[in-house]
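Take a look at the structure set out below.
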Amino acid sequence: MSQFKIATWNVNSLRVRLPHVEDWLKRNQPDVLALQETKLPDADFPIEAFHALGYEVVFSGQRTYNGVAIISRGKMTDVMTDIPLLQDPQRRVLWAMAGDICILNLYVPNGESVESEKYKYKLNWLHHLDLFLRAQLKKHQKIIILGDFNIAPSDLEVHDPKRWAGHVLCSAPERKAFQEMLVVGFEDCYRKLSPTEKGYSWWDYRLNAFQRNWGLRIDHILASSALAKSCTACFIDKGPRALERPSDHTPVVAVFE
DNA sequence: ATGGTTGCAACGCAA
C-alpha cells in the first residue's frame, strides 16, 4: 500500500445526506469513509449507491437514531458491531479489517448534559471502550479509531472555552477518557500534524454558528503508534458544512503513506 | 450565546 486515505463524517441521516456523500466520495476518493448517525435500518441501507461508485459497505443501523457504516475501496473482513461486555441496543460501533489495518468506527454517546442519566451511560460506554482497546492493541499493530467522539479533548478544540467550561463534550471525566486512549497507545492525527491550529468539525445548526465559526472539534481520527508514524496529513474539510441542507458535522480526513 | 435548528416521525425526543 503506497497511500491510504481515510475519513470520518457524521452525516446526521444518510437518507437526507446521500447526495452530499456521493459527491464527496467522487471528489475525494478516500480508501475508507466511516459514517455516523446514518439513522437507517439495515434493510434501507443504500448499498447500490456505493457499489456504483466502486465501494464495499458494511453497516450497523437502526431506525431513527444512531447507525454506523464503513465504506471501503477494498474488501472488509472480521466485522464486529459490538464492544464485548457492553450490552447496548444502540448501534454505535463498527469494527472491520481493511487489508492489514483494523478500522474502528465510533459514534460515542452525546451525553446530553453532565447531570443526565445519558452522561452516566456515556462514561460507562467509554470505560468499556477502554477495556476493548487495550485488548485489541495486544492483538493488532495497526488500528485506526475514528468517528464522532462527542468529546472536545482540550480548550484548544473549543471556540469559546469559558462558555463550554464543565459542560458535556468538554467535562473533565470525558477528557480523561479521551486522554486514556492516547495513554494506551493511540495518537490524535490532527493534533500530531497541527499542534496549535484551531479547527472545528461540528457547528450547532442554531444561531448561524457555522458562519460565526462557533464550533468544536469532536470528530477525530486516532492511529495506533505503529501507524501514526506514517500519517502525512490530517485535515478538516469544511466544504460540505457550507452546502445547502448540510449535516452539522463536516468530514475529517487523514492520509497515511 | 440559556435561545436557537435539524431529522425522525408523529406533535416529542435526541442531538
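Quick note on labels: first sequence line is chain A, next is B, and so on, each numbered from 1. Fair warning: this is a prediction, and the values are worked out from it, not measured in the lab. When reading the values below, keep in mind they use all heavy atoms of this one structure, side chains included, and skip hydrogens, waters and symmetry mates.
Between the CD atom of Glu117(A) and the P atom of dA14(B) there is a distance of 13 Å, rounded to whole Å. With rounding to whole Å, Glu37(A) atom CD is found 13 Å from dA14(B) atom P. The CG atom of Leu40(A) sits 14 Å away from the C1' atom of dA9(B) (whole-angstrom rounding). Taking atom CH2 of Trp164(A) as the reference point, atom C1' of dA1(B) lies 10 Å away to the nearest angstrom. Taking atom CD1 on Ile151(A) and atom C1' on dA15(B), their separation rounds to 16 Å, with Å as the unit. Rounded to an integer number of Å, the gap from Ile218(A) CD1 to dA15(B) P is 12 Å.
Side-chain atoms of Gln136(A) and Lys139(A) form a donor-acceptor pair, as typed in the model, at a separation below 3.5 Å. Looking at Asn66(A) and Arg92(A), their side chains do bring a donor and an acceptor atom within 3.5 Å of each other. No hydrogens or angles considered: a donor-acceptor pair under 3.5 Å links the side chains of Ser171(A) and Tyr119(A).
Counting distance only, with no hydrogens placed and no angle test, the side-chain atoms of His249(A) and the base atoms of dA15(B) include no donor-acceptor pair under 3.5 Å.
At the heavy-atom level, Arg92(A) lies under 4.0 Å from the strands shown only through sugar-phosphate atoms. Residue Phe210(A) is classed as having no contact, given no heavy-atom separation below 4.0 Å to the nucleic acid. Glu112(A) comes within 4.0 angstrom of no nucleic acid atom, judged by non-hydrogen atoms across all strands.
Comparing dC8(B) with dG4(B), their P atoms sit 23 Å apart, to the nearest whole Å. Taking atom P on both nucleotides, dG3(B) is separated from dG7(B) by 24 Å, rounded to a whole Å. To the nearest whole angstrom, the two P atoms, one in dT5(B) and one in dA9(B), are 22 Å apart. Of the P atoms belonging to dC11(B) and dA1(B), the separation is 35 Å, rounded to the nearest Å. If you take atom P in dT2(B) and the same atom in dG12(B), they sit 25 Å apart, rounded to whole Å.
Among the duplex regions that DNA chain B forms, those built from at least three successive Watson-Crick or G-U pairs under 3.5 Å are B:5-8 with B:12-15, ordered by first number.
Remark: of the listed residues Asp148(A), Asn105(A), Asn10(A), Asn105(A) is the sole one forming a side chain to side chain donor-acceptor pair (under 3.5 Å) with Gln36(A).
Linking ILVMFWY side-chain heavy atoms closer than 4.5 Å, directly or via other members, places Trp125(A) and Leu222(A) in a single hydrophobic cluster. Linking ILVMFWY residues whenever their side-chain heavy atoms come closer than 4.5 Å, directly or via other members, leaves Val58(A) and Val93(A) in distinct clusters. By the criterion of side-chain heavy atoms lying less than 4.5 angstrom apart, applied directly or through intervening Ile, Leu, Val, Met, Phe, Trp or Tyr residues, Ile101(A) is grouped together with Leu94(A) in one hydrophobic cluster. Hydrophobic clustering, with ILVMFWY side chains joined whenever heavy atoms are under 4.5 angstrom apart, groups Leu227(A) together with Val252(A).
The aromatic rings of His140(A) and Trp95(A) sit tilted relative to each other, their planes meeting at an angle between 30° and 60°.
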| note | 5' to 3', nucleotides 2-8 of chain B under a 4.0 Å protein heavy-atom cut-off (B base, S sugar-phosphate only, - none) gives B-BBSSS

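Mapping Asp160(A) and Asn110(A) onto DNA chain B by nearest heavy atom places Asp160(A) at the nucleotide closer to the 5' end.
Counting only residues at least two apart or in different chains, ring pair (Phe, Tyr, Trp, His ring centres under 6.0 Å) contacts with residues 61-82 of chain A are absent.
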